[in-house]
Novice: 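Got a structure here, written out as structure tokens. Questions coming.
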Amino acid sequence: MNSNVSFRDFATPTWILIAVGLVAGGAVGLYEMFFGHLFATNNALVWTLPLVVYIFLALMSTGVSLVLAYGLIMKDASITQHTRPLLIMAIGLLLGGFTALATELGSVLNLVWILLSPNLSSPIWWMGALYSVELVLLIVKLVMDLKGRHGVFDMPLAWGTLVIAAAAAITIGAVFGTVIGRPDYHGAFLSIVTLVSALVSGTAAIVLLRPQSALTETAGRIFRQTALLFAALILMRVAYEAHSTVAGMLGWASIAMLAPFLIAAVLFTLAPRLLSLLGILGVLWVQYSFIITGQLVSLGQTAHWYGAVQSYQPNLAEVLVLVLGIAVAAALIKLGEQFLIERRPAA
Amino acid sequence: MGYGMVIDQQLCVGCAACTIACKIENNTPVGINWCDKITRTTGKFPDVRYEYISTMCNHCDNAPCVAACPTQAMHKDRQTGLTLHDPKKCIGCKACIVGCPYGVISVNWERPHRHWAQRDRLAEGCFSPREMVEESGGEGSPHGNPERGTTYPVVRPAGTVEKCTFCDHRLAQGLAPACVDACPSGARQFGDIDDPNSEVSKLVARHGGQGLREHLGTRPRVIYIRDYKPQRRFEPARPAGEGQGA
């Protein structure tokens with residue numbers, strides 16, 4: 001424990017914002033778990049903003065893990081010298097995502113039960129299992145780093161994290177891509193979208209939260225490349241949707257979605273942190289769009305109840321789950337930085 | 001052995017007795033119908049056409065909901081071919097709902113029948129909702145069917161999904177599903193659709209027929225035969241003595 005931490009370290013605008021987010025979002029989470037239902041859902045539109053928040057934060061964590069694993073495998077000092085802050089960031093973001101997911105599921109226990117009664121044909125089970133393994137690997141790496149134990153296990157752990165993180169991101173896409181009978185959810189394309197969006201948001205988060213010159217240069221380079229790749233993917237999707245003959249397809253991609261990624265990639269050096277934030281917001285927009293749009297066409301009898309095509313806008317409670325997820329992630333990252341960063345490895 | 005249902009569109013009059021019977025039998029909450037309908041109006045006046053398609057869980061052989069469920073809460077019963085749900089294993093992830101191409105699975109967003117737990121009375125001397133439940137000996141609501149509870153909770157837990165079970169509690173007693181018994185025109189037939197000599201298999205053999213969205217490869221066990229045509233309203237659906245007619 002860092003002995004230099006005092007109460008004053010918590011009396012900052014950042015911590016006050018985090019506390020407000022935890023209280024407001026936590027109240028929604030507790031109400032949802034114990035009292036009633038607050039979200040703008042129905043029996044045809046079941047996955048709304050709270051699930052988007054989980055996917056957004058989990059994929060951002062995946063991106064951070066992938067960058068760190070890349071640095072360790074390639075022995076890139078600009079990354080490896082920030083191993084501990086990056087581990088804390090990845091863990092914080094993932095637990096923030098799990099918090100949003102627990103709120104969406106209505107119980108923390110449901111997160112555990114998913115692992116105890118496995119159905120191996122279910123992408124959601126694999127997603128849960130892979131992210132659980134990912135969390136364990138990150139915690140093991142953090143503990144080893146705190147204890148100053150480096151050696152033969154570093155490289156296998158780095159490779160393990162790389163493979164598990166990539167598989168987890170791809171599996172999130174498969175949750176939607178393996179659905180049949182919904183015109184906007186199908187195919188391996190969604191797995192590519194989730195994997196690339198993990199890299200875009202993860203590198204952007206590193207630049208935004210860990211502005212160190214060498215790290216910003218390396219993460220920024222990956223961010224610009226992946227942001228351009230992501231823009232190309234969205235452009236492909238726009239072209240596909242424009243010429244699609246799939247009945248009932250609404251299309252989640254738009255030309256306007258290219259803007260944040262092109263602007264951020266081209267002008268990155270002018271304002272790295274601001275444009276990283278723009279990239280993160282762009283990723284949230286894309287993820288929100290494809291997850292919601294896929295459910296807007298009502299199937300079967302639900303068309304009678306909710307109309308053939310629904311519209312959706314998140315309500316205040318759902319927005320507060322977004323606030324809660326970010327607040328939990330921010331709190332854990334800040335706590336980790338305040339208590340663990342200054343700590344010297346054990347002799 | 002595998003249960004299946006045949007719905008004769010020529011005989012169905014769209015009365016929704018199946019929907020009401022299901023609701024009473026299975027104690028479904030407000031906003032959730034295990035048995036429901038799709039209606040379609042097509043054409044241009046005067047050549048218009050109205051279709052009423054009664055829907056429920058299709059108990060697909062290749063059920064997307066079963067494949068999507070991470071906890072095996074949604075599962076196939078090997079002996080009967082039914083697609084069943086275990087609320088004790090359900091974590092409320094809603095993957096089955098997103099995966100089902102028929103829109104026949106619902107979520108209990110709130111505790112079902114919660115207003116029946118209220119003790120507030122409208123006026124002094126009246127029953128409160130809770131007292132009505134206690135007086136009737138019902139579960140969840142005064143008309144909660146206790147027989148439903150033999151294979152599935154009468155009141156399902158909040159946060160879990162639910163859907164048609166083909167009235168598995170009635171099948172266990174040798175009875176047909178409630179919707180089949182309630183149908184006034186004999187449009188619904190139920191039986192072992194894997195047995196080529198069963199009534200339902202003979203109907204499919206005679207009239208053809210197909211399930212909903214079969215092109216998706218789900219292999220549904222609810223088969224629709226014959227489109228409604230007024231000119232054959234009084235033709236027998238099947239030879240005399242072989243089953244119910246119009």
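Residue numbers start from 1 in every chain, and the chains themselves are labelled A, B, ... in the order their sequence lines are given, proteins ahead of strands.
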Novice: What part of B/Val161 gets closer than 4.5 Å to chain A, counting heavy atoms only: side chain, backbone, both or neither?
Specialist: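 For B/Val161, no heavy atom lies under 4.5 Å from chain A.
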
Novice: Enter the distance from A/Asn110:CG to B/Cys90:SG here, rounded to the nearest 0.5 Å.
Specialist: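 Here the rounded value is 8.0 Å.
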
Novice: Between A/Ala129, A/Gly294, A/Ser117, which has the largest tally of heavy atom pairs under 4.5 Å with chain B?
Specialist: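 Sorted descending by pairs with chain B, the first entry is A/Ser117.
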
Novice: Mind ranking B/His75, B/Lys89, B/Arg111 by heavy-atom pairs under 4.5 Å with chain A and telling me who comes out on top?
Specialist: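 Counting heavy-atom pairs under 4.5 Å, the top option is B/Lys89.
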
Novice: Would you mind reporting whether B/Trp109 and A/Asn43 have side-chain heavy atoms less than 4.5 Å apart?
Specialist: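 Touching, per the 4.5 Å side-chain cut-off.
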
Novice: As an exercise: rank A/Asn42, A/Leu45, A/Leu51 by heavy-atom pairs under 4.5 Å with chain B and give me the winner.
Specialist: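 Heavy-atom pair counts peak at A/Asn42.
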
Novice: Considering only heavy atoms and a distance below 4.5 Å, find which of B/Thr55, B/Ile53, B/Ile32 pairs most often with chain A.
Specialist: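 If we count pairs closer than 4.5 Å to chain A, B/Thr55 comes out on top.
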
Novice: Using side-chain hydrogen bond (donor to acceptor under 3.5 Å, both in side chains) as the criterion, list what pairs up with A/His37, not counting sequence neighbours.
Specialist: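 With neighbours one apart ignored, the set is A/Glu32, A/Thr41.
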
Novice: Please indicate whether A/His243 has more than 12 foreign heavy atoms, meaning atoms of other residues, nucleotides or ligands, lying under 6.0 Å from its NE2.
Specialist: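 12 or below, so no.
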
Novice: Looking only at heavy atoms and a cut-off of under 4.5 Å, which of B/Gly92, B/Ala73, B/Ser106 has the most pairs with chain A?
Specialist: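 When all of B/Gly92, B/Ala73, B/Ser106 are compared, B/Ser106 has the most.
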
Novice: Go through B/Gly159, B/Cys93, B/Gly99 and name the one with the most non-hydrogen pairs under 4.5 angstrom from chain A.
Specialist: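 Between B/Gly159, B/Cys93, B/Gly99, the count favours B/Cys93.
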
Novice: Select, from B/Cys69, B/Cys100, B/Ala158, the one with the greatest count of heavy-atom pairs under 4.5 Å involving chain A.
Specialist: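 Most pairs with chain A among the choices: B/Cys69.
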
Novice: Near A/Leu116 CG, under 6.0 Å, is it more than 12 heavy atoms from other residues, nucleotides or ligands?
Specialist: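 Yes.
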
Novice: Closest approach of A/Thr302 and B/Gly103, non-hydrogen atoms and distance?
Specialist: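 Taking every non-hydrogen atom into account, CG2-O, 3.5 Å.
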
Novice: For A/Tyr131, which residues count as a side-chain hydrogen bond (donor to acceptor under 3.5 Å, both in side chains) partner, sequence neighbours excluded?
Specialist: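 Only A/Thr62 meet the side-chain hydrogen bond (donor to acceptor under 3.5 Å, both in side chains) criterion with A/Tyr131.
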
Novice: Would you name the heavy atoms of A/Trp47 and B/Lys94 that are closest together and state the gap between them?
Specialist: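 Here A/Trp47 and B/Lys94 meet closest at NE1-CB, 3.7 Å.
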
Novice: With a 4.5 angstrom heavy-atom cut-off, is it the side chain or the backbone of A/Phe35 that approaches chain B, or both, or neither?
Specialist: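 Just the backbone, heavy atoms under 4.5 Å.
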
Novice: Indicate the atoms forming the closest heavy-atom contact of A/Ile114 with B/Thr71, along with that distance.
Specialist: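 Closest approach of A/Ile114 to B/Thr71, heavy atoms only: CA-CG2, 3.8 Å.
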
Novice: Quick one: closest heavy-atom pair of B/Ala68 and A/Ser122, and the distance?
Specialist: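 In this case the closest contact between B/Ala68 and A/Ser122 is O-OG, 2.6 Å.
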
Novice: Near B/Arg78 CZ, under 6.0 Å, is it more than 12 heavy atoms from other residues, nucleotides or ligands?
Specialist: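 At most 12 heavy atoms, drawn from other residues, nucleotides or ligands, come within 6.0 Å of this atom.
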
Novice: Please flag which part of B/Thr218 lies under 4.5 Å from any non-hydrogen atom of chain A: side chain, backbone, both or neither.
Specialist: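 For B/Thr218, the contact with chain A is made by the side chain alone.
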
Novice: Which heavy-atom pair separates A/Gln295 from B/Val98 by the least distance, and what is that distance?
Specialist: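 The answer is OE1-CG2, 4.4 Å.
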
Novice: Considering only heavy atoms, which portion of B/Arg114 lies under 4.5 Å from any heavy atom of chain A: side chain, backbone, both, or neither?
Specialist: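 For B/Arg114, the contact with chain A is made by the side chain alone.
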
Novice: Which heavy atom of A/Ile180 sits nearest to which heavy atom of B/Pro64, and what is that distance?
Specialist: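 Closest heavy-atom pair between A/Ile180 and B/Pro64: CD1-CG, 3.7 Å.
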
Novice: Have A/Trp305 and B/Asn33 got a donor and an acceptor in their side chains that come within less than 3.5 Å?
Specialist: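 No - no donor-acceptor pair under 3.5 Å links their side chains.
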
Novice: Hey, could you give me the CD1/CG distance between B/Ile105 and A/Leu299, rounded to the nearest 0.5 Å?
Specialist: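 If I round to the nearest 0.5 Å, the distance is 11.0 Å.
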
